[in-house]
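The structure appears right after this line, and notes come after that.
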Amino acid sequence: MAKVRTKDLIDKFSMELISGEEGINRPITTSDLSRPGIEMAGFFTYYPKERVQLLGKTELSFFHQLSNQEKKHRMDELCTDVTPAIILSRELEAPKELLEASERSGVAVLRSPMKTTRLSSHLTNFLEGKLAPTTAVHGVLVDIYGVGVLIIGKSGVGKSETALELVKRGHRLVADDCVEIRQEDQDTLIGSAPELIEHLLEIRGLGIINVMTLFGAGAVRSFKRITLVINLELWDQNKQYDRLGLEEDKMRIIDTDVTKLTVPVRPGRNLAVIIEVAAMNFRLKRMGVNAAEQFTSKLAGVIGDGDQEEE
């Protein structure tokens with residue numbers, strides 16, 4: 001099923017449909033746009049016909065200098081059976097050759113009052129958001145001091161209870177149980193909640209609670225960039241856990257590697273405080289302050305001084 005169709009552009013940007021109504025249900029498969037300037041000059045060898053075509057003042061000014069036969073040929077070549085739409089910016093007048101070709105091939109011709117560059121930017125941002133790779137992860141996403149923390153772990157380990165404590169401490173819930181993640185750009189992961197369970201938190205013994213109703217609008221947010229993953233696992237006496245924090249584990253989500261910390265769970269450990277401090281420490285590391293490296297450096301200095309005294 002297509003994620004975006006031509007009619008979505010009409011609805012989102014309040015565009016005027018001036019021709020080719022039968023093409024409004026065509027799928028849009030790429031966020032790349034095309035400004036067919038070289039095609040107007042007659043070079044269609046590498047014409048990206050699967051893209052939304054954007055015609056501005058420059059393209060149409062050149063087009064009006066062509067002969068009648070050239071105009072008809074260019075527009076026939078421009079309107080293909082897979083072209084999602086042809087959009088005119090600045091409320092420019094559509095050439096009759098374009099309208100005729102669009103009706104023959106069923107390509108929707110739209111018009112917008114926005115300037116070409118601004119329209120191109122808005123369309124690209126909208127399409128990239130809609131067409132971005134997506135996945136779903138079982139976990140909880142919380143905004144802690146501006147850091148998007150994805151809490152994962154086996155069912156029943158205490159993810160939702162920890163999220164509830166974090167919300168009580170003033171942080172904001174994004175999603176519980178199921179986190180929908182889309183990859184924007186090369187290394188940007190945006191997490192959000194499915195519409196059905198947005199603002200809801202499931203606590204065993206209590207059932208489902210509405211965080212926004214209980215704690216107010218400041219306790220929730222619709223989406224957040226994921227920059228840290230906390231993996232909660234039951235304490236294993238035979239496993240060696242990182243005690244310095246020098247090693248940095250990674251978790252791959254779609255095509256992006258995210259820093260991952262493993263926090264063992266056992267009675268008496270305040271997970272909310274630990275995760276809160278982990279988020280603050282992560283922010284410090286990004287600012288260039290690494291407590292583990294500073295400690296290691298001091299330790300190496302002390303050992304070096306001790307060796308010199310023995311000599």
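Residues take their numbers from the sequence shown, with the count starting at 1.
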Requested in this report: Count the heavy atoms of every other residue, nucleotide or ligand shown that sit under 6.0 Å from NZ of K250, and state whether that count exceeds 12.
Outcome: yes
Query raised in the report: Between F44 and Y47, what is the ring plane arrangement, given parallel below 30°, perpendicular above 60°, and tilted in between?
Result: perpendicular
Requested in this report: Using modelled atom types only, decide if a donor and an acceptor are shared between the side chain of Q183 and the backbone of D255 within a distance under 3.5 Å.
Outcome: yes
Query raised in the report: With distance as the sole test, does D8 use its side chain to make a donor-acceptor pair with the main-chain N or O of R5 at under 3.5 Å?
Result: yes
Query raised in the report: Side chains of E70 and S67: do they bring a donor and an acceptor to under 3.5 Å?
Result: yes
Query raised in the report: Does K154 pair with E233 as a salt bridge, N-O distance under 4.0 Å?
Result: no
Query - Residue pair K72, D76: steps toward the salt bridge (Lys or Arg N to Asp or Glu O under 4.0 Å) verdict - result: CA-CA 6 Å; K72 183 179 182 304; D76 283 340; 3.1 Å; yes
Query raised in the report: Are the side chain of D176 and the backbone N or O of E202 linked by a donor-acceptor pair below 3.5 Å?
Result: yes
Query - More than 12 heavy atoms from other groups under 6.0 Å of CZ on R118 - result: no
Query raised in the report: Within the side chain of R111, is there an N or O that forms a donor-acceptor pair under 3.5 Å with the backbone of L92?
Result: yes
Report task. Decide, yes or no, whether a salt bridge links D143 with R172 under the criterion of side-chain N to carboxylate O below 4.0 Å. Result -> yes
Query raised in the report: Is it the case that T256 and D187 place a side-chain donor and acceptor less than 3.5 Å from each other?
Result: no
Query raised in the report: To the nearest 0.5 Å, how far apart are OG1 in T259 and CD1 in I226?
Result: 12.5 Å
Requested in this report: Determine whether more than 12 heavy atoms belonging to other residues, nucleotides or ligands lie under 6.0 Å from atom CD of E21.
Outcome: no
Query raised in the report: Between T124 and S121, does any side-chain donor sit less than 3.5 Å from a side-chain acceptor?
Result: no
Report task. Take E103 and S19 through the test side-chain hydrogen bond (donor to acceptor under 3.5 Å, both in side chains) and record every step on the way to the result. Result -> CA-CA 7 Å; E103 290 295 345; S19 180; 3.1 Å; yes
**Report entry** CZ/F13: more than 12 non-hydrogen atoms of other groups inside 6.0 Å
**Finding:** yes
Query raised in the report: Do we see a donor-acceptor contact under 3.5 Å between the side chains of S34 and Q53?
Result: yes
Query raised in the report: How long is the span from the CG atom in L33 to the OG1 atom in T116, to the nearest 0.5 Å?
Result: 11.5 Å
Requested in this report: Mind checking the CD1-OG1 spacing from I181 to T135? Nearest 0.5 Å is all I need.
Outcome: 6.5 Å
Query raised in the report: Hey, is the main chain of G153 close enough, under 3.5 Å, to the side chain of K159 for a donor-acceptor pair?
Result: yes
Query raised in the report: Are the side chain of K3 and the backbone of I28 linked by a donor-acceptor contact shorter than 3.5 Å?
Result: no
Query raised in the report: Would E39 and R74 pass as an ion pair if we require N to O under 4.0 Å?
Result: no
Query - Sidechain N-carboxylate O distance under 4.0 Å for E128, K130 - result: no
